[in-house]
2 protein chains.
Amino acid sequence: MARKSGSHSEITGPRIRTEARRLFARHGFAAVSMRQIAAAVGLQAGALYLYTPDKESLLFDLLKGHMDELLAAWAEVPAAASPPEQLEAFVRFHIRFNLERAEAVFLSYMELRNLGPDNFAAIEALRRAYENELESILRAGQAEGCFALPDTKLATLAIIAMLTGVNTWFREGGRFSRAAVEQIYWDMVRKAVAA
Amino acid sequence: MARKSGSHSEITGPRIRTEARRLFARHGFAAVSMRQIAAAVGLQAGALYLYTPDKESLLFDLLKGHMDELLAAWAEVPAAASPPEQLEAFVRFHIRFNLERAEAVFLSYMELRNLGPDNFAAIEALRRAYENELESILRAGQAEGCFALPDTKLATLAIIAMLTGVNTWFREGGRFSRAAVEQIYWDMVRKAVAA
DNA sequence: GTCTATAGAAAGATAGAC
DNA sequence: GTCTATCTTTCTATAGAC
């Protein structure tokens, strides 16, 4: 039988992060108080400071954790034989992963401005590392002549913006399944980069 | 000679909106206090309430004004002869207009969640009206057989997300002029929708 | 039209009891 | 590991002088 109160450090930390992510994504970092987060977890506000030195660090941990997981998950995707196949894998991976973590994605794009300079730079570096993954695919395809792009960096940013936009409208049980969305977006990307 | 103090209602209102837009875009609605806005204009906090009933109304006026101007500006663009030409006009218009009003665009995408239900619905309706402008172009091209799209609504959202993404990276004096950016993005859109 | 002053609520963070 | 209590600051919004 579980204790009604006492020590729960192993479970409380993750629950704080989960509730903070949910609340920050829904209302915005600045609009959410430490008291609201504590209440969602079932704690008093002071107890949060056992798990984070301050509010900004809590946000940073969420963003850093998300970017680390994003890069690790992409690293797990097996390499394909040709740039077009690699690009298809990236498009499908990006849509799938981002839909699974909509709240974290939203935070990572919207709440960067609430970080101090050092924390901001750390997240930016990870974001650029992810963009570079796509850009190397585009560069390889460009070199082989299967893609025709005026600028690979701009194409990278354009494609990522387009794919991430799925998160703003996709709803479970809507007109399209995730698989259908992947297919439709892949069709558009494939044509947009084609030689 | 201008008075040092006294009545300035005709100039103070616009200045409040300009400074509020700048501060909200930079730090986020919830993170900016009425005192900060007043200080940026050169007023005391209480004086702001001569111009807005509360903080949320100030935000709503900014978003509503932006959407109205966006729709009005698009209405001024002369109609082109064919769907591809219309689409090119839309792409160039969207990039140009959004780069000219980067702060307002940022607000309109990020701070909707700080509006109450009625204000939220009003802005959403205007956003959908703008999306419908693009979708009718895509539908017309689809009907004429010059575009090939699995779904015009999804293509609408994908294209707008891609174009609006320019605002996240474009900097004056960077590698590309505005005209060059318009051209590169139009090339990608043109190919993505082509039959 | 703007200011000073302030009411009243809520914020982030800390101290010490248990 | 968590709670209660509190310090200190800051917030939105209002009242009344000028």
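In the text below, chain A, chain B and the rest are named by the order of the sequence lines, each starting its count at 1.
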Using 30° and 60° as the class limits, which term best fits the ring planes of A:H66 and A:F97: parallel, tilted or perpendicular?
-> tilted
Kindly write out the residues that satisfy ring pair (Phe, Tyr, Trp, His ring centres under 6.0 Å) with B:F147, not counting sequence neighbours, or none if the list is empty.
-> none
Name all residues meeting the ring pair (Phe, Tyr, Trp, His ring centres under 6.0 Å) criterion together with B:W74; count only those two or more places apart in sequence or in a different chain, and write none if there are none.
-> B:F90, B:F93
Could you give the side-chain donor-acceptor pairs of residues 156-163 of chain A under 3.5 Å, partners two or more places apart or in another chain?
from	atom 1	to	atom 2	distance (Å)
A:T156	OG1	A:T152	O	2.7

Could A:D187 and A:R190 be called an ion pair, given the rule that one side-chain N must be under 4.0 Å from one carboxylate O?
-> yes
Let me have DNA chain D in dot-bracket notation, would you? Count Watson-Crick plus G-U wobble pairs, both distances under 3.5 Å, and use [ ] for pairs crossing earlier ones and | for inter-strand partners.
-> ||||||||||||||||||
What residues form a side chain to side chain contact (heavy atoms under 4.5 Å, CB included) with A:R171, not counting sequence neighbours?
-> none
Check DNA chain C against [range] and give the residues with a non-hydrogen atom under 4.0 Å, in numerical order.
range: residues 39-49 of chain A; answer: A:G46, A:Y49
range: residues 52-62 of chain B; answer: none
range: residues 11-27 of chain B; answer: B:T12

Return each pair, listed once, that meets ring pair (Phe, Tyr, Trp, His ring centres under 6.0 Å) where at least one residue sits in residues 174-195 of chain B; pairs must be two or more places apart or across chains.
-> none
All pairs passing ring pair (Phe, Tyr, Trp, His ring centres under 6.0 Å) where residues 21-53 of chain B contributes a residue, at least two apart = B:F24-B:F29
Name all pairs fulfilling the side-chain hydrogen bond (donor to acceptor under 3.5 Å, both in side chains) condition that reach into residues 32-46 of chain A, sequence neighbours left out, sorted by first residue then second.
-> none
Checking C:dG1, D:dC11, D:dG1 against the side chain of B:S33 (C-beta onward), the nearest is D:dC11
Of all residues at least two apart in sequence or in a different chain, which pass the salt bridge (charged side-chain N to carboxylate O under 4.0 Å, His left out) check with A:R92?
-> A:E88, A:E182
Please report, rounded to the nearest Å, how far the [atom2] atom of [N] is from the [atom1] atom of [X].
X: B:I37; N: D:dT10; atom1: CD1; atom2: P; answer: 17 Å
X: A:M34; N: D:dT2; atom1: CE; atom2: C1'; answer: 15 Å
X: A:R35; N: C:dA9; atom1: CZ; atom2: P; answer: 14 Å

Quick one: OG1 on A:T52 to CD1 on A:I37, what's the gap to the nearest 0.5 Å?
-> 9.0 Å
Please round to the nearest 0.5 Å and tell me the distance separating atom CD of B:E69 and atom CD of B:E100.
-> 11.0 Å
For the student: nearest non-hydrogen atoms of A:L59 and A:E111, plus distance = CD2-O, 3.7 Å
